[in-house]
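To start, the structure itself, in structure tokens.
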2 protein chains.
Amino acid sequence: MGQLEDIQVFIRVVESGGIGRAAEQLNIAKSAVSRRLSELEARLGCKLINRTTRSFSLTGVGKTYYERALKVADSVTEMNTEVADVGAALSGVLRIAVPQSFGLMHLTPAIDLFVKQHPEITIQIDFSDRHVDIVEEGFDVALRISGMKDSNFQARRLCPVHHVLAASPEYLQRKGGVTTISDLKHHQMLKYTGSSIALWTIVDSDGKEHQLSLTKAMSANSGDFLKDMAIAGHGIVNLPTFLIWKALASGDLVRLLPDCSMTTINAYAIYPMNRFLPKRARLFIDFLVERFGDNPYWDQHL
Amino acid sequence: MGQLEDIQVFIRVVESGGIGRAAEQLNIAKSAVSRRLSELEARLGCKLINRTTRSFSLTGVGKTYYERALKVADSVTEMNTEVADVGAALSGVLRIAVPQSFGLMHLTPAIDLFVKQHPEITIQIDFSDRHVDIVEEGFDVALRISGMKDSNFQARRLCPVHHVLAASPEYLQRKGGVTTISDLKHHQMLKYTGSSIALWTIVDSDGKEHQLSLTKAMSANSGDFLKDMAIAGHGIVNLPTFLIWKALASGDLVRLLPDCSMTTINAYAIYPMNRFLPKRARLFIDFLVERFGDNPYWDQHL
DNA sequence: CCTATTGTTCTAATAATGAGAATAGTAAAT
DNA sequence: ATTTACTATTCTCATTATTAGAACAATAGG
């Protein structure tokens, strides 16, 4: 029992002017057309088409039904076409380049959810802290955590990346607390070398900038490594909250000088400037903006 | 393969929040629901609902499709309901009282066409020249050819009823022609007694009224009879054009004094004043107004 | 790891649908 | 009034579609 199919048969009969011609156009037997029309009329409880072997005309009700039926059939066609178009536009591969730590830690669950909402999109992700050339390497979108923008690309800001000073309670108990910026001079620093930042710039509660020159410090280009070293009591780190938020929440690390603020940079989604952005890429970026935003979930404890 | 039925299944799944509950509500097996949903998704080329055994959510495309699907389903329901309502409103008996001659001659083909256009209406017709009481005798509509209106009923004018003077060519050859109103005094008149008109009032081309008193004339209360007598050469008749139009067209009768005009009365559809008029009655009256109108087909030869 | 619950797949039974032949109906021509 | 030509309807059989229900798979919670 296909109501819409019956409606389409009815429309064809009306527009062709007879059951025989409708059968030809629909490529089904005229007995089938005759029966479907009769059953439609029976279901509606009135005659739609007045027909004999030599004459043909719509009843009054039939005219009304025909006009409404056309609208319904058009609506269904439009709906199916639009959904097919949207499906086609979204379907396909989305190639993303993301930084190692941030990618693994925060994009993994995000992408898991995104793919569940959009199973027609296939994600291909590249984890790397190196500078990737989006166009050259065929990525749709890259994530970058940076203070500055590349002029060859368009950027959509996803969220702020706050840095904080932190050390383990054991270390602070052993080496003494930190209550002023000057106190830091007597402490062991763990330096991140994966970025161009050589100095730690600290802004106190009065808004005055202080700079610490780290000449003699343990250093690595891995934030995860430095985090683990800090938890192990080896010193004080200056790392993004998205990296150490769980250690802060669990008490493995303690934030130092909370009234001071460090340089805040941002996470961006980068995509080519003068080029059509696939709808699925735009959808993904919108998804991340909504998921992270100005106050990401890892900053709730600040 | 029922597209609309698939849409309705999809809507039910979304609104119930699961395949099992939708199956319960639709009273079909959950395997049937599962298969129809899968086939709908296959036909559209993308996933509408993201589901596992314990979770359930619409995809982005699914949300769009759901909103469109609701509109389509509502349109179909409205369309079917409206047609069923119109069918129910029209279905039933239409009881009509009509004058004998006019009814037989002009309503028979008209009603034949009307019923073909509205097979759901059953006509019950009463041919009679007597004065019928519509309310008392249970008619929906009565036709009346009259110069005046009954104040207890509402009337819709259907068409004018022109009267003309006519005689057969044989009679005129035998008795001499008629070129002035005065000439009529020397001729044999055939008088219709089925109406209250006792005098023949003739208006000449100057607009002056002349009245002929018919004291000594053959008379009958049947227009058909008098028409036949006139064709047989027995005299001059003053009859409605709807009665003698074919005889005028064929030459069996010849119109006399065409520059003069006789009293023109009208045909009306009469229906009760302060009462709901069934839609089928209104439809029938509209049909007659359109079919007859100000210049009915029987007056084309005038 | 086990249990409970939901979704999917498979198979057999049932229902729906179309094809084609035969029949019915109707309008035009003779 | 009869015959002819053409279209619609009905009936029967074969094919296809669909459902029910059992079995299996998947998944989330305890």
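Numbered from 1 within each chain, the chains take letters A, B, ... in sequence-line order. Here the structure is a predicted model, which is why all the values come from computation and not from measurement.
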Give me, pair by pair, the N or O atoms of the protein and of nucleotides 19-21 of chain D that are less than 3.5 Å apart, along with how far apart they are.
residue, atom, partner, partner atom, Å
D:dT19, OP1, B:Arg36, NH1, 2.8
D:dT19, OP2, B:Arg35, NH2, 3.1
D:dA20, OP2, B:Ala29, N, 2.4
D:dA20, N7, B:Ser31, OG, 3.3
D:dG21, N7, B:Ser31, OG, 3.3
D:dG21, O6, B:Ser31, OG, 2.8

D:dA8 P sits how many Å from A:Arg12 CZ, rounded?
-> 15 Å
Chi angles and distances behind the salt bridge (charged side-chain N to carboxylate O under 4.0 Å, His left out) call for A:Glu78, B:Arg68 | CA-CA 9 Å; A:Glu78 279 173 27; B:Arg68 297 293 294 265; 3.8 Å; yes
Can you check whether B:Tyr297 and B:His106 have ring centres sitting under 6.0 Å from each other?
-> yes
Report the distance from atom CG of A:Leu40 to atom P of C:dA16, rounded to the nearest whole Å.
-> 16 Å
Output one line per pair: protein atom, nucleotide atom from nucleotides 27-30 of chain D, and distance, for all N/O pairs under 3.5 Å.
residue, atom, partner, partner atom, Å
D:dT27, O4', B:Thr53, OG1, 2.5
D:dA28, OP1, B:Thr52, OG1, 3.4

Just the dot-bracket of DNA chain D, please: which string comes out with Watson-Crick or G-U pairs under 3.5 Å, [ ] for crossing, | for another strand?
-> ||||||||||||||||||||||||||||||
Rounded to whole Å, CG of A:Asn50 lies from C1' of D:dT7 at a distance of 15 Å
Quick one: do the B:Tyr66 and B:Glu15 side chains pair a donor with an acceptor below 3.5 Å?
-> yes
Does A:Arg95 make a cation-pi contact with A:Phe139, if we ask for NZ or CZ under 6.0 Å from the ring centre and within 45° of the axis?
-> yes
Taking atom P of C:dG7 as reference, at what distance in whole Å does atom CZ of B:Arg21 sit?
-> 8 Å
Considering only NZ, NE, NH1 and NH2 on the basic side and carboxylate oxygens on the acidic side, decide whether B:Arg156 and B:Asp286 come within less than 4.0 Å.
-> yes
Are there more than 12 heavy atoms of other residues, nucleotides or ligands under 6.0 Å from atom CZ of A:Arg282?
-> no
Please lay out, stage by stage, how B:Phe102 and B:Phe292 fare under the test ring pair (Phe, Tyr, Trp, His ring centres under 6.0 Å).
-> CA-CA 12 Å; B:Phe102 186 84; B:Phe292 299 150; 5.7 Å; yes
Polar side chain donor-acceptor pair, B:Ser34 to B:Ser31, under 3.5 angstrom = no
Spacing of A:Glu39 atom CD relative to C:dA15 atom C1', expressed in whole Å = 12 Å
Where is the tightest heavy-atom contact between B:Lys227 and B:Leu239, given as atom of each residue plus distance?
-> N-CD1, 3.9 Å
Starting at atom CZ of A:Arg51, determine the distance to atom C1' of D:dC6, rounded to an integer number of angstrom.
-> 17 Å
Quick one: do B:Arg43 and B:Glu39 make a salt bridge, cutoff under 4.0 Å?
-> no
Take atom CG of A:Leu37 and atom P of C:dG18, then tell me their distance rounded to the nearest Å.
-> 13 Å
Rounding to a whole Å, what distance do you find between A:Gln3:CD and C:dA16:C1'?
-> 16 Å
Side-chain touch A:Leu37/A:Arg51, heavy atoms, less than 4.5 angstrom | yes
